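The block underneath contains the structure these notes are about, expressed in structure tokens.
Since this is a predicted model, take the numbers as computed values, not measurements. Just so it is clear: chains get the letters A, B, ... in the order the sequence lines come, proteins before strands, and each one is counted from 1.
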2 protein chains.
Amino acid sequence: MDKSRAAAAQGHLLIVGGSEDREHDMRVLTRFVDLCGGADQPIAVMTAASAIGDEVFAMYRAAFAELNVTRLSHVHLDSPKEAASEKLLARIREAKGIFMTGGDQKRLLQMTGGTPVHSEIAAAYARGACIAGTSAGASAMSRFMLAEGKAELEPEKGAIRLGAGLGLVERIVFDQHFAQRKRLPRLLSIIAERPDLYGIGLDEDTALLISPGRGIEVIGDGAVTLVDGLNMISNIDTLDHGEVPRLIDVRLHLLPAGTCFDADADADAGRDTRIPPTFQDFFDAITQP
Amino acid sequence: MDKSRAAAAQGHLLIVGGSEDREHDMRVLTRFVDLCGGADQPIAVMTAASAIGDEVFAMYRAAFAELNVTRLSHVHLDSPKEAASEKLLARIREAKGIFMTGGDQKRLLQMTGGTPVHSEIAAAYARGACIAGTSAGASAMSRFMLAEGKAELEPEKGAIRLGAGLGLVERIVFDQHFAQRKRLPRLLSIIAERPDLYGIGLDEDTALLISPGRGIEVIGDGAVTLVDGLNMISNIDTLDHGEVPRLIDVRLHLLPAGTCFDADADADAGRDTRIPPTFQDFFDAITQP
């Protein structure tokens, strides 16, 4: 682990699989508020993934009010032109945490990709803010974002299309509502087409907390499924569109809520915090600063 | 590959994921008839997994009639006592192929496990018959049979219970209706509890053909999913009943219909028939005579 690079991004990423509890135990949102520095810190809710931003914001305003958050701002865009609005940029600049809601990740990128809003989010992350995203907001986090995908029963050649995401993580593609919508075929379609990328599927009400250069933790109710096709043998190059690829040697890791891996863990501290050797490469890709 | 042991079982196993087409192209049933030596050979349909054996037999009688099978017999049991019936035993003894239908694998084993019928099926296999099983008939094939299993979203400790199967394959547990009923969590529950066993999930209208000591082939419409926990790191021993285990380094292989691996394939014959080194152990477990 290159500690000098860790300084490049000092914030946290909280990647949420959608449908996080907003009324009862609110484990994921509670942790988000903690990562922002507490309920008295300024938090921005970004609803640009949704065409009904006010409704979505009202829902989160109620949830964050329950958590005693006092300084909540709303960042919404209905056109990329608004991404130069000084009022919106100031809300992001001031925030200790940015929560990107669900909707459609393509809309989120159409509104913000390559704009000053995008730059301000990256800057907020670099200076230590917690960037959270749920559902579409989770998909948008990475360099390569799942823009379309339809594999139902088995992975298929041509079933998915990747687009440019916000680039806060480099080599990972995130999918959400994972166990609930049974999306393993879609995640396998991604690594079949792009074995250089890792796939991560997040269950509903479940979050992967990434502390760059440091560690990961799984929070909430379900699990996170990781698929690794780096050593996979596939025949996808010989197939026609729509055919099911043969995939030999996909590695799959299942991390239930409560899992915590820390790069700096003392080897004597207990096996739950140490990283198994076979998981080290994937761990490094996730936590790359 | 020990060729002397291959002689111990000269038949074939056809493990079918349920709901095989019985009206249109009938790819799986057609292959079964071929493996029996053709439509003029004696074939027995074993319906002991079902409480409505006559109805199930009538359905297969119609399908096999379409395939011009002329010598079809019915083997059904409503009590283990019937497993000593010389009339039923003669039908198995005469058959070049035995097709075990769906129903409940526990019923199939209650009726036949350890009885003369069970011995005759094993003897038929040893002398070269094709033993096919679909759905419950597929689950029953192995030494360790999935008797109960309920993992819905994620694998769970205690979610599955294995019982004794017919023992025609040693180290594999089969699950069926795999993609259609989204049974990966159940299959992962099996290897989480029993990492010494391999898990194989079969899609509907899809069959795994096992030629012991020789090779495997996938037939039909879908795919076969293989999971291998031999090198997995798991915390299941520390968990309570119902908790989701952490699983690091599960290996997953997806073999779509058309896949063919042959232990004796000429290395020059083309990459589709050669066995990737990382798949060799699993292949050996499946094809073990």
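For chain A, the nearby part of B:L184 is the side chain; its heavy atoms alone come within less than 4.5 Å. A:Q180 touches chain B through backbone and side chain together, each having a heavy atom under 4.5 Å away. Interface residue B:L188: only side-chain heavy atoms are found under 4.5 Å from chain A. Interface remark: B:D203 contributes side-chain atoms only to the contact with chain A (heavy atom separation under 4.5 Å). Heavy atoms closer than 4.5 Å to chain A are found in the side chain of B:I233, but not in its backbone.
In this structure the side chain of B:F282 reaches within 4.5 angstrom of the side chain of B:I200, judged on heavy atoms. For the pair A:L146/A:R161, no side-chain contact is recorded, criterion being any heavy-atom separation below 4.5 Å from C-beta on. Side-chain contact between A:F99 and A:T134 is present, with at least one heavy-atom pair separated by less than 4.5 Å.
Residue-environment remark: CD (B:E170) exceeds the threshold of 12 foreign heavy atoms within 6.0 Å.
Interface summary for chain B: among A:N231, A:V227, A:T225, A:T278, the most heavy-atom pairs under 4.5 angstrom belong to A:T278. Ranked by heavy-atom pairs under 4.5 Å with chain A, the first of B:L247, B:L226, B:D228 is B:L247. Taking chain B as the reference chain and counting heavy-atom pairs below 4.5 Å, the highest number among A:V244, A:L255, A:L153, A:D249 is found for A:D249. Taking chain A as the reference chain and counting heavy-atom pairs below 4.5 Å, the highest number among B:P185, B:A179, B:P276, B:P256 is found for B:P256.
B:F261 and B:F279 have tilted rings, their planes meeting at an angle from 30° to 60° on a 0 to 90° scale.
With hydrogens and angles left out, the side-chain atoms of A:Q280 and A:D284 include a donor and acceptor closer than 3.5 Å.
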Next item on the list: Give the C-alpha distance, both sets of side-chain angles, the deciding distance and a yes or no for salt bridge (Lys or Arg N to Asp or Glu O under 4.0 Å) between A:R22 and A:E20.
Entry: CA-CA 6 Å; A:R22 293 184 281 265; A:E20 68 285 349; 2.8 Å; yes
